[in-house]
*Asks:* 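The structure follows.
Any value given below was found using the heavy atoms of this structure, including those in side chains, with hydrogens, waters and symmetry copies removed.
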Amino acid sequence: MSEYKGEIRKMMIILSKASIENVYAAFVLANGARMEGIEAEMFFTFFGLEALHNKKLDHLHVATVGNPAMHMPTMIGGLPGMEAFATSMMKKEMEKLDMPEVREFLDILKASGVKLWACKLAMEMFHYTKEDMYVDLDGVLTVGDFYKQAEGLGTHMLFI
Amino acid sequence: MEKIIAQKTVQVNEEGYLTNFAEWNKEIGEEIAKENNIVLSPKHWEVINYVQNEFKNEVPLTIRKIGKSGVVDIKEFYALFPVGPLKTATKIAGIPKPAGCI
């Protein structure tokens, strides 16, 4: 821990899921880093890409199935409308805490200097193009490119 | 603990934030800004006045609120206070560090 006395200089946050609780966790961590004077970059891969996809990012949901912390039997969580209900409940609570919607949060992250990268492999797998994605996306990167971005002392990497 | 800033003895916490806003004055603000490598421009002062007013009105500060303040947008805010903008601005303003996560 001799490098910068273990101080964190840069956070590389990989988002691989698009259920709203995971997306917000990643966004809050990226924003929180910038607020502390730490650099932050995000890499959106696999389903995480939905948080960048123009037609999808405004309609992300809470996962009500396979989420034990919802304290809801899986059968009930799977009923029609359950995800929408849980999502609107959660959004109401988040609004009270002054949490922005996904698109506004992306705008805040960009304005704060967070770099947003989409994973090339996942983009190809889902047949997405850069034009399908959030307008201020910094680019589409390979894993190797992303590691290159992470270079330097005091960089930490986080997978969500 | 006590600290002398701009020839005035004030109470600060372990992170250097003033614990009593009544002890703050502009010279103290300028001195803390200098410690953070910031030379205060009129725009900085607009932001400092804004955060002080929000504090007086007991409104919790968030980055989103700063962006909607009409005083600065978020990009400008980071340009004015590059390293940890809300932490630095509140420290210069003599008010507590915001306790929230956003």
*Asks:* Are side-chain heavy atoms of B/V51 and B/I66 found at a separation under 4.5 Å?
*Replies:* yes
*Asks:* When you look at CE of A/M89, are more than 12 heavy atoms from neighbouring residues, nucleotides or ligands closer to it than 6.0 Å?
*Replies:* no
*Asks:* For the candidates A/G37, A/G113, A/A111, which exhibits the highest count of non-hydrogen atom pairs separated by less than 4.5 Å from chain B?
*Replies:* A/A111
*Asks:* Got a list of the donor-acceptor pairs under 3.5 angstrom between chain A and chain B?
*Replies:*
from   : atom 1 : to    : atom 2 : distance (Å)
A/E36  : OE1    : B/K87 : NZ     : 2.7
A/D98  : OD1    : B/R64 : NH1    : 3.0
A/D98  : OD2    : B/T62 : OG1    : 2.6
A/E104 : OE1    : B/R64 : NE     : 3.4
A/E104 : OE1    : B/R64 : NH2    : 2.9
A/E104 : OE2    : B/R64 : NE     : 2.9

*Asks:* CG/A/L141 to CG/A/L121 distance, rounded to the nearest 0.5 angstrom?
*Replies:* 13.0 Å
*Asks:* Does CZ belonging to A/F85 count more than 12 external heavy atoms closer than 6.0 Å?
*Replies:* no
*Asks:* Where do A/F126 and A/F47 land on the ring-ring contact (aromatic ring centres under 6.0 Å, His included) test, with the steps shown first?
*Replies:* CA-CA 9 Å; A/F126 289 114; A/F47 295 106; 5.5 Å; yes
*Asks:* Return yes when atom CZ of A/F46 has more than 12 non-hydrogen atoms of other residues, nucleotides or ligands closer than 6.0 Å, and no otherwise.
*Replies:* no
